[in-house]
Amino acid sequence: MSTCASLLSDAHCHADDARFVAAQRKYGVSSVISCANGDQWRHASAWIGDSLSIRASFGIHPWDADRYRIADAMPYLEQTLIVGEIGLDGEWTDVPLAAQLPVFEAQLDYASRRRKPVVLHTKSREREVLELIRRYPNRYMVHWYACDRWQDDYLDLGCYMSIGPDVTTDESVRRLAARIPDDRLLVESDGLESLTWAMGREYGVDDYVDALTGLLRSLTAIRAAVRGRATDVCEVAEMTRRNLASFCVPIPSRPL
């Protein structure tokens, strides 16, 4: 893997401190760092500095939908080139769906009008998210989708799909990983805290690059087994990095 270490990418992650971003810079990891409030945005922007391969996204997370107003987020939504992560959650939060929906839809509307790509959170609200994004044409990345249902619907909409660390343990993620089109496949760590949760052991900054390469190896093996042909890990690394760049590129304005 050392021969393609410079091809690593992390389509969706959270940065708790400067050391995490420093590791991305050191190893040339192309990434999107998700920010959910002003402090996170300011910190991530400072840590990223002049890097051209590390980007910050911003959006009101569904877990914060009852305490963070669109008006408060607007200065950061205006600055960001990528909106997210935003969405709905029916499992890991006590925030009522009635509070999540207007915040999510307002951000979908903003991103669609301003032609900004969107990173989606769909946990246990996959159908509701799908119904809403159909109303707001845009370029979408569905982060860490772990559901057997509606996979075809999201793929038919042209969504990019990001595979998370539990690809080795969650059968729905394994099935999705095998069938995402080559030009929309992405990989993500979701950050060190999520790696620790998914893998059942502590992950620190020093483990980060090994975790990404391990994820790529698992993803490569899964796709090769289903497709019946050998696939090189570096090929998948290059493909997912190229796809992340394609997702992040500014969306052209609609013709008048």
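When a residue number appears, it is its place in the shown sequence, counting from 1. These numbers come from a predicted model, not from an experiment.
- Of all the heavy atoms in S34 and G84, the pair that sits closest is OG-O, 3.6 Å.
- Checked against ring-ring contact (aromatic ring centres under 6.0 Å, His included), Y154 has the following partners two or more places apart in sequence or in another chain: Y145.
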What's the verdict on side chain to side chain contact (heavy atoms under 4.5 Å, CB included) for C35 and N37, showing C-alpha distance, side-chain angles and the deciding distance?
CA-CA 6 Å; C35 304; N37 58 53; over 6 Å; no

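- Here Y140 and Y160 keep their ring centres 6.0 angstrom or further from each other.
- Atoms CD and CG, on E202 and L192 in that order, are 8.5 Å from each other to the nearest 0.5 Å.
- Linking ILVMFWY residues whenever their side-chain heavy atoms come closer than 4.5 Å, directly or via other members, leaves I54 and L186 in distinct clusters.
- Considering N243, L244, L120 in turn, L244 is the only one that fulfils the side-chain contact (heavy atoms from CB on, under 4.5 Å) rule with M141.
- Judged by distance alone, with hydrogens and angles left aside, the side-chain atoms of K116 form no donor-acceptor pair with the main-chain N or O of P250 at under 3.5 Å.
- The closest donor-acceptor contact from the side chain of E235 to the backbone of V233 lies at 3.5 Å or more, if one exists at all.
- Here the shortest heavy-atom pairing between A36 and F58 reads C-CE1, 3.9 Å.
- Inter-residue side-chain proximity for F247 and V119 is flagged as met; some heavy-atom pair is nearer than 4.5 Å.
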Walk me through whether V118 and I82 qualify under side chain to side chain contact (heavy atoms under 4.5 Å, CB included).
CA-CA 6 Å; V118 172; I82 303 167; over 6 Å; no

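- At a threshold of 4.5 Å between side-chain heavy atoms, the hydrophobic network of Ile, Leu, Val, Met, Phe, Trp and Tyr places V142 and V32 in two separate groups.
- Heavy-atom minimum distance, F20 versus V205: N-CG2, 4.0 Å.
- Atom CG of residue L8 and atom CG of residue L215 lie 10.0 Å apart, to the nearest 0.5 angstrom.
- At least one test fails for R25 against the ring of Y27: distance under 6.0 Å to the centre or angle within 45° of the axis.
- Distance check, rounded to the nearest 0.5 Å: CG of L130 to CD of Q151 gives 12.0 Å.
- At least one donor-acceptor pair closer than 3.5 Å links the side chain of T93 to the backbone N or O of V95.
- Applying the side-chain hydrogen bond (donor to acceptor under 3.5 Å, both in side chains) criterion to W63, with sequence neighbours excluded, gives D89.
- Annotation: salt bridge (Lys or Arg N to Asp or Glu O under 4.0 Å) contacts of R134 (sequence neighbours excluded): D153.
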Determine whether I133 and L157 satisfy the following criterion, side chain to side chain contact (heavy atoms under 4.5 Å, CB included), listing intermediate values before the conclusion.
CA-CA 9 Å; I133 66 174; L157 283 178; 3.8 Å; yes

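- Judged by distance alone, the side chain of S112 and the main-chain N or O of P137 form a donor-acceptor pair under 3.5 Å.
- In this structure, a donor-acceptor pair under 3.5 Å is absent between the side chains of Y110 and E105.
- Proximity of L132 to L108: side-chain heavy atoms (C-beta onward) are separated by under 4.5 Å at one or more points.
- Note that CZ of R174 is 9.0 Å distant from OG1 of T169, once rounded to the nearest 0.5 Å.
- Put simply, the residue from R55, R242, R241, Q24 that forms a side chain to side chain donor-acceptor pair (under 3.5 Å) with S30 is R55.
- Applying the 6.0 Å contact sphere to CZ of R223 captures more than 12 heavy atoms from other residues, nucleotides or ligands.
- Under the side-chain hydrogen bond (donor to acceptor under 3.5 Å, both in side chains) criterion, D39 pairs with R42, sequence neighbours left out.
- Proximity of R135 to D109: side-chain heavy atoms (C-beta onward) are nowhere separated by under 4.5 Å.
- At distances below 3.5 Å, not a single donor-acceptor pair connects side-chain atoms of T80 with backbone N or O atoms of Y76.
- Residues I48 and L81 do not share a hydrophobic cluster, defined by chaining ILVMFWY side chains whose heavy atoms lie under 4.5 Å apart.
- Here the side chains of M239 and L185 are in contact, with some heavy-atom distance below 4.5 Å.
- I163 and V226 fall into different hydrophobic clusters, defined by Ile, Leu, Val, Met, Phe, Trp and Tyr side-chain heavy atoms under 4.5 Å apart, directly or through other members.
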Quick one: do T122 and L88 satisfy side chain to side chain contact (heavy atoms under 4.5 Å, CB included)? Show the steps, please.
CA-CA 5 Å; T122 63; L88 302 174; over 6 Å; no

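- More than 12 heavy-atom neighbours from other residues, nucleotides or ligands sit within 6.0 angstrom of CD on Q79.
- Residues satisfying the salt bridge (Lys or Arg N to Asp or Glu O under 4.0 Å) test with D148, not counting sequence neighbours, are R175.
- Using a 4.5 Å cut-off on side-chain heavy atoms (C-beta onward), V236 and L219 make contact.
- Across S9 and L212, no two heavy atoms sit closer than the pair O-CD2, 3.9 Å.
- Between W92 and W144, the distance from one ring center to the other does not fall under 6.0 angstrom.
- The CG atom of L176 sits 10.5 Å away from atom CD1 of I222, with the distance rounded to the nearest 0.5 Å.
- The number of heavy-atom neighbours closer than 6.0 Å to CZ of R149, taken from other residues, nucleotides and ligands shown, is 12 or below.
- Under the 3.5 Å distance criterion, the side-chain polar atoms of R184 are matched with a main-chain donor or acceptor of L155.
- Counting only heavy atoms from C-beta outward, the side chains of V83 and P117 never approach each other to under 4.5 Å.
- When all heavy atoms of A177 and V167 are compared, the closest pair comes out as CB-CG2, 4.0 Å.
- The backbone N or O of A237 lies less than 3.5 Å from a partner atom in the side chain of T240, making a donor-acceptor pair.
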Before you tell me yes or no, could you show the steps for E91 and R125 under salt bridge (charged side-chain N to carboxylate O under 4.0 Å, His left out), namely the whole-Å CA-CA distance, both residues' side-chain angles and the distance that decides it to 0.1 Å?
CA-CA 8 Å; E91 184 168 340; R125 293 294 183 189; over 6 Å; no

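- In this view, E85 and H12, H14, H61, H121, H143 satisfy the side-chain hydrogen bond (donor to acceptor under 3.5 Å, both in side chains) rule, not counting sequence neighbours.
- Atom-to-atom distance recorded for D64:CG and R69:CZ is 14.5 Å, nearest 0.5 angstrom.
- Summarising the local packing, CG of D156 is surrounded by more than 12 heavy atoms from other residues, nucleotides or ligands at distances under 6.0 Å.
- The shortest distance between side-chain heavy atoms of V187 and D10 does not fall below 4.5 Å.
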Under the side-chain hydrogen bond (donor to acceptor under 3.5 Å, both in side chains) rule, what do Q107 and Y136 come out as? Steps first, then yes or no, please.
CA-CA 10 Å; Q107 292 177 100; Y136 298 95; over 6 Å; no

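- A donor-acceptor contact shorter than 3.5 Å links the side chain of D207 to the backbone of G204.
- For the pair I60 and I86, the tightest heavy-atom approach, listed with the atom from each and the gap, is O-CG2, 3.7 Å.
- The shortest distance between side-chain heavy atoms of C147 and S172 does not fall below 4.5 Å.
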